[in-house]
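As structure tokens, the structure follows; a few thoughts come after it.
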Amino acid sequence: MVFAGRGAAKDVARAEELFERTCPTVDAGSACADAAKVFREGKLVPKDTARAASYMERMCAASGNGCMQVADMYLDGKDVPKDRDRALGLYEGMCTKGTAAARRPR
């Protein structure tokens with residue numbers, strides 16, 4: 001709401017501050033997803049795919065969601081610099097946690 005100015009004054013800095021506070025908590029993985037989407041789309045704020053990927057990684061750590069997507073981004077170098085080691089670390093984390101998506105072939 002604060003990012004978009006819907007029901008509240010638009011304040012990008014305040015919105016990101018709120019995301020930063022709630023994103024790392026286990027119950028707030030969706031906050032990271034929302035922040036990642038805002039920065040990946042670039043409609044409400046300037047597009048920043050590195051920041052989007054950072055939020056996606058935190059979402060992955062907090063809730064286990066989005067891990068495959070961000071790992072694939074790093075493996076393929078899509079919207080972020082290609083980083084095979086980082087991708088493999090994310091895939092390995094999914095396997096360790098028992099995430100079924102990590103065990104299926106790409």
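The residues of the chain are indexed from 1 along the displayed sequence. Any value given below was found using the heavy atoms of this structure, including those in side chains, with hydrogens, waters and symmetry copies removed.
- Contact detail for Ala71 and Tyr91: the closest heavy-atom pair is CB-CE2, 3.4 Å.
- Evaluation of the side-chain hydrogen bond (donor to acceptor under 3.5 Å, both in side chains) test over residues 42-56, restricted to residues two or more places apart or in two chains, returns Glu16-Arg51, Glu16-Tyr55, Glu20-Tyr55, Ser54-Arg58.
- Side-chain contact between Leu90 and Val70 is present, with at least one heavy-atom pair separated by less than 4.5 Å.
- Using a 4.5 Å cut-off on side-chain heavy atoms (C-beta onward), Leu75 and Arg84 make contact.
- Here the side chains of Arg40 and Met73 are in contact, with some heavy-atom distance below 4.5 Å.
- Interatomic distance, CG of Asp83 versus CG of Leu88, reported as 9.0 Å (0.5 Å rounding).
- Hydrophobic cluster membership differs between Val2 and Val45, with clusters built from Ile, Leu, Val, Met, Phe, Trp and Tyr side chains linked at under 4.5 angstrom.
- Atom CD of residue Gln69 and atom SG of residue Cys60 lie 11.0 Å apart, to the nearest 0.5 angstrom.
- When every heavy atom of Ala33 is checked against every heavy atom of Met59, the shortest pair comes out as CB-SD, 3.2 Å.
- With a 4.5 Å cut-off on side-chain heavy atoms, Tyr74 and Met56 do not count as touching.
- Other residues, nucleotides and ligands contribute at most 12 non-hydrogen atoms within 6.0 Å of the NZ atom of Lys82.
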